[in-house]
Protein chains: 2
Amino acid sequence: MANLKELSEKLGLSQTTVSRALNGYPEVSEATRQRVIDAAREHNYAPNSSARRLATGKTRTIGHVVPISKHDMINPHFTDFIAGAGTVYNRRGYDMLISVVDAEKETETYRAIKRNRRVDGVIVHGPVANDARPGLLQGLGLPFVVHGRTLQDEASYCWVDVNNRRAFAEATRHLIGLGHRRIALVNGWEHMVFARRRREGYEEALREAGIAVDPLLMSSNEMIEPVGYEAMTAFLAGDDPPTAVLVASALSALGVMGAVRERGLAPGTDISIVSYDDKLSFLDIGPDGMGLTVIRSGIGEAGRHCADMLIDMVEGRRGVDHMLLEASLVPGTSTGPPAGIAVAGKSAAAR
Amino acid sequence: MANLKELSEKLGLSQTTVSRALNGYPEVSEATRQRVIDAAREHNYAPNSSARRLATGKTRTIGHVVPISKHDMINPHFTDFIAGAGTVYNRRGYDMLISVVDAEKETETYRAIKRNRRVDGVIVHGPVANDARPGLLQGLGLPFVVHGRTLQDEASYCWVDVNNRRAFAEATRHLIGLGHRRIALVNGWEHMVFARRRREGYEEALREAGIAVDPLLMSSNEMIEPVGYEAMTAFLAGDDPPTAVLVASALSALGVMGAVRERGLAPGTDISIVSYDDKLSFLDIGPDGMGLTVIRSGIGEAGRHCADMLIDMVEGRRGVDHMLLEASLVPGTSTGPPAGIAVAGKSAAAR
DNA sequence: CGGGCAAGCCAAAGCGCTTTGACTGCGCGT
DNA sequence: ACGCGCAGTCAAAGCGCTTTGGCTTGCCCG
């Protein structure tokens with residue numbers, strides 16, 4: 001059955017009534033509604049979504065503009081984010097539109113998206129230090145939720161973020177509590193806001209304990225395996241190598257572990273490792289997998305919250321809102337007192 | 001400027017003419033066309049895409065139905081695939097619609113997509129042994145391209161695949177040529193067609209060389225890091241451990257490398273490793289990165305070909321077509337003669 | 001000089017839905 | 001007996017585009 005007209009003719013009802021019946025409006029009798037629903041199912045009818053969108057002015061579609069960097073790379077965390085957001089879209093009857101664009105064409109893409117009225121709102125990924133996007137989108141009047149936060153005006157728009165600062169402060173305190181004083185940080189790019197906050201948390205905890213911040217123990221770079229390996233190798237080759245390391249992502253942690261293993265060091269005994277764990281679905285670095293001590297906050301969960309918040313907004317059920325998720329420290333076997341300090345019964349390497 | 005009507009009034013032209021001018025039809029004078037284009041830009045006009053879709057019956061949208069497994073996991077290779085496909089959609093003016101659905105709801109999703117006329121065609125990911133999807137989609141009359149191939153009727157629909165069988169046969173021959181006789185295989189799930197073809201290639205090369213296929217040297221499982229680690233650890237603990245191993249994915253290779261390093265073995269000297277490399281953008285296992293010898297075929301490239309093929313189809317410029325990509329063996333430092341056989345100047349470990 | 005033809009433009013008819021505003025009975029209170 | 005409100009239904013007017021089928025010009029050619 002192609003369209004509403006035919007279906008309504010077949011039922012001997014007007015298009016109005018059939019449409020109302022199908023969309024759950026109250027002014028149609030239950031008997032009629034049931035008859036309509038049965039007929040729709042029988043004839044395999046579903047409204048044409050383009051027509052519906054044109055008539056309502058709503059697209060029931062959420063856009064994700066994902067910038068693609070040199071080397072055609074999309075942030076691997078993105079997969080898990082959309083896995084989370086996607087289930088929400090599904091449940092609430094929304095579509096997910098993804099635009100893969102060159103990083104520098106991003107603002108033009110938002111403008112185009114607005115002009116064509118292709119989506120009801122967008123999710124903004126990976127906020128950077130002076131991010132122009134919130135301002136741009138506010139100017140365009142395109143509803144949005146930021147995954148993360150920018151550094152300024154965070155009160156003026158919706159966001160869902162992890163309390164990165166506190167998470168890293170606590171992880172650092174944990175290591176300090178174990179007796180570590182030389183603690184390295186393998187961080188992400190610091191133009192990304194979350195990375196900056198993580199460093200702040202790390203430094204805050206060091207200062208509290210009266211430990212000097214040593215630039216030689218900090219690296220800021222892309223969060224991928226080879227980079228983690230390089231950074232850790234460099235730290236270990238230094239004059240006064242760290243006894244513990246804080247890693248900003250699972251992928252980096254993988255590289256860090258590679259460097260550690262290669263040097264024949266045992267995590268938890270010779271060196272302590274704590275990694276942030278976004279719960280990349282294909283890589284379990286935590287206690288149940290590789291055994292690392294991790295600071296955990298699922299990125300899929302963040303995706304779900306972003307999606308729900310944005311849909312609430314475009315449907316007018318919610319105003320400007322924020323959500324700060326707390327990460328939790330999950331102890332694994334990769335942490336322990338520094339090598340110099342002997343502790344009975346502590347020897348197992350990670351895994 | 002909201003719509004065509006206003007723009008045409010402002011120009012003193014009919015909607016017809018403005019529409020034609022903007023869409024490049026020949027029956028409008030160049031002078032007028034230019035005037036229209038300038039005005040459109042000046043007033044920031046772009047056609048409402050819902051209206052256009054309704055009028056034309058084309059959505060200019062390609063759908064990707066991605067099943068989500070237990071543990072909310074989406075195949076990590078997916079990111080790279082859509083990075084490739086996405087650039088093509090962009091270039092050719094198409095949108096990408098992604099539906100994240102529970103694995104068992106996949107066929108219902110295709111039906112719904114067809115009913116609503118939300119997309120012009122779909123890409124089918126991860127074909128399995130007796131895949132129902134090609135038949136279903138042919139029955140629905142929804143154009144599609146399969147990334148990979150099923151086992152039967154492959155001539156009846158469009159696909160883009162890698163010559164997995166040959167790739168693995170050649171990699172195996174390469175190892176045999178170096179003198180290896182105990183060659184293990186860390187494969188993906190064999191209900192996935194590509195994994196099955198890879199094993200066939202591997203076995204073919206072994207048989208050619210008169211080497212018995214040893215089930216104890218073969219594992220078939222999910223292609224993720226922890227699983228690669230487990231498999232390799234088990235192989236190395238066996239009575240007659242392999243001197244070489246063939247790995248089906250970069251992620252598994254990571255686990256394999258972890259197991260190898262942990263045992264203090266040097267890749268290329270103590271044990272040879274060849275991995276299939278889909279060029280995951282966040283993980284370079286090849287010669288330039290971790291240094292492994294790899295069989296390489298970019299998944300992003302496959303994505304581009306799929307997208308182009310599908311768009312050609314829905315635009316009626318192409319009929320049923322196939323594309324078989326060849327993977328190439330890229331030598332790294334992780335392969336060499338078996339440990340027993342001494343060769344001058346061969347000693348460097350991977351990396 | 002008139003017919004034919006191409007170039008350039010337009011009015012109006014969809015596309016398939018939602019939504020407004022109006023209409024019909026029917027039961028009810030007075 | 002009459003009017004009123006309410007439940008249930010409908011015709012028709014959009015939503016903003018594309019596309020069909022004409023309608024003017026102006027020009028060329030016999």
Side-chain angles (χ1 to χ4, degrees), chain A residues 1-37 39-40 43-61 93 95 112-120 315, chain B residues 1-37 39-40 43-61 93 95 112-120 315:
Chain A
M1 174 82 38
N3 55 24
L4 228 208
K5 187 156 159 237
E6 290 180 39
L7 181 63
S8 60
E9 278 165 5
K10 196 138 304 188
L11 280 160
L13 289 169
S14 73
Q15 296 190 37
T16 308
T17 304
V18 176
S19 172
R20 298 225 136 122
L22 257 20
N23 290 317
Y25 281 67
E27 51 267 83
V28 50
S29 74
E30 271 316 310
T32 306
R33 186 193 307 284
Q34 202 50 56
R35 202 158 66 86
V36 169
I37 289 174
H43 294 96
N44 194 35
Y45 170 80
N48 178 311
S49 51
S50 304
R52 188 208 281 263
R53 291 204 244 267
L54 177 57
T56 60
K58 297 270 148 215
T59 63
R60 295 191 73 85
T61 301
D95 286 342
I113 273 181
K114 171 65 182 181
R115 271 203 304 268
N116 315 303
R117 304 164 195 77
R118 268 193 309 206
V119 304
D120 292 340
E315 292 185 348
Chain B
M1 173 83 36
N3 54 25
L4 228 208
K5 189 157 157 234
E6 291 180 38
L7 181 63
S8 59
E9 279 166 3
K10 196 137 304 189
L11 279 161
L13 288 169
S14 72
Q15 296 189 36
T16 309
T17 304
V18 176
S19 172
R20 297 225 136 122
L22 256 20
N23 291 316
Y25 282 67
E27 51 269 82
V28 51
S29 75
E30 271 317 309
T32 306
R33 185 192 306 284
Q34 202 51 57
R35 202 158 66 88
V36 169
I37 289 174
H43 293 95
N44 195 35
Y45 169 81
N48 178 310
S49 52
S50 303
R52 188 209 282 262
R53 291 204 244 266
L54 177 57
T56 60
K58 297 271 149 214
T59 64
R60 295 191 73 84
T61 301
D95 285 343
I113 272 181
K114 171 65 181 180
R115 271 201 304 267
N116 315 302
R117 302 165 196 78
R118 269 194 308 208
V119 304
D120 291 340
E315 292 185 347

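The model shown is predicted, which means the values in this text are computed figures rather than measured ones. Below, chains carry the letters A, B, ... as their sequence lines are ordered, and counting in each starts from 1.
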What integer distance in Å separates B:R33:CZ from C:dG8:P?
10 Å

Spacing between B:N48 atom CG and D:dC17 atom P, to the nearest angstrom:
6 Å

Student check: side-chain heavy atoms of B:V36 and B:L13 closer than 4.5 Å:
yes

Calculate the interatomic distance between A:L22 atom CG and D:dT9 atom P; express it in whole Å.
14 Å

B:R60: partners by side-chain hydrogen bond (donor to acceptor under 3.5 Å, both in side chains), with sequence neighbours left out:
none

Nucleotide D:dG16, atom C1' - distance to CZ of A:R115 in whole Å
17 Å

Using the 3.5 Å cut-off, write out each protein N or O paired with an N or O of nucleotides 23-26 of chain C and the distance between them.
none

Step-by-step side-chain contact (heavy atoms from CB on, under 4.5 Å) determination, A:E6 to A:K10
CA-CA 6 Å; A:E6 290 180 39; A:K10 196 138 304 188; 5.7 Å; no

I'd like to check the side-chain contact (heavy atoms from CB on, under 4.5 Å) partners of A:A55; sequence neighbours left out, ordered by chain and number.
none

How long is the line joining CD of A:E9 and P of C:dG16, in whole Å?
13 Å

Do B:K58 and B:R53 have side-chain heavy atoms sitting under 4.5 Å apart?
no

Mind checking what makes salt bridge (Lys or Arg N to Asp or Glu O under 4.0 Å) contact with B:R118, not counting sequence neighbours?
A:D95

Who are the side-chain hydrogen bond (donor to acceptor under 3.5 Å, both in side chains) partners of B:R20, not counting sequence neighbours?
none

What is the distance, to the nearest angstrom, from the CZ atom on B:R118 to the P atom on C:dG16?
18 Å

Give a yes-or-no answer on whether the side chains of B:T32 and B:S29 include a donor-acceptor pair shorter than 3.5 Å.
yes

Expressed in angstrom and rounded to an integer, what is the separation of B:N3 atom CG from D:dC15 atom C1'?
10 Å

Apply salt bridge (Lys or Arg N to Asp or Glu O under 4.0 Å) to A:R115 and list each qualifying residue two or more places apart in sequence or on a separate chain.
A:E108

Can you list everything that forms a side-chain hydrogen bond (donor to acceptor under 3.5 Å, both in side chains) with A:T56? Sequence neighbours excluded, please.
none

For the helix from C:dC1-D:dG30 to C:dT30-D:dA1, figure out the bend between the end axes, five pairs an end, and round to 10 degrees.
50°

Could you tell me the separation between the CG atom of B:L11 and the C1' atom of C:dC9, rounded to a whole number of Å?
13 Å

Partners meeting side-chain hydrogen bond (donor to acceptor under 3.5 Å, both in side chains) with B:T17 (sequence neighbours left out):
B:S14

Please list, pair by pair, any protein nitrogen or oxygen found under 3.5 Å from a nitrogen or oxygen in nucleotides 18-25 of chain D.
unit_1	atom_1	unit_2	atom_2	d
D:dT18	OP1	B:N23	ND2	3.1
D:dT18	OP1	B:R52	NH1	3.4
D:dT18	OP2	B:S19	OG	2.5
D:dT19	OP2	B:Y25	OH	2.7
D:dT19	O4	B:T16	OG1	3.1

If you look at every strand shown and take non-hydrogen atoms under 4.0 Å, does B:T32 touch a base, only sugar-phosphate, or nothing?
sugar-phosphate

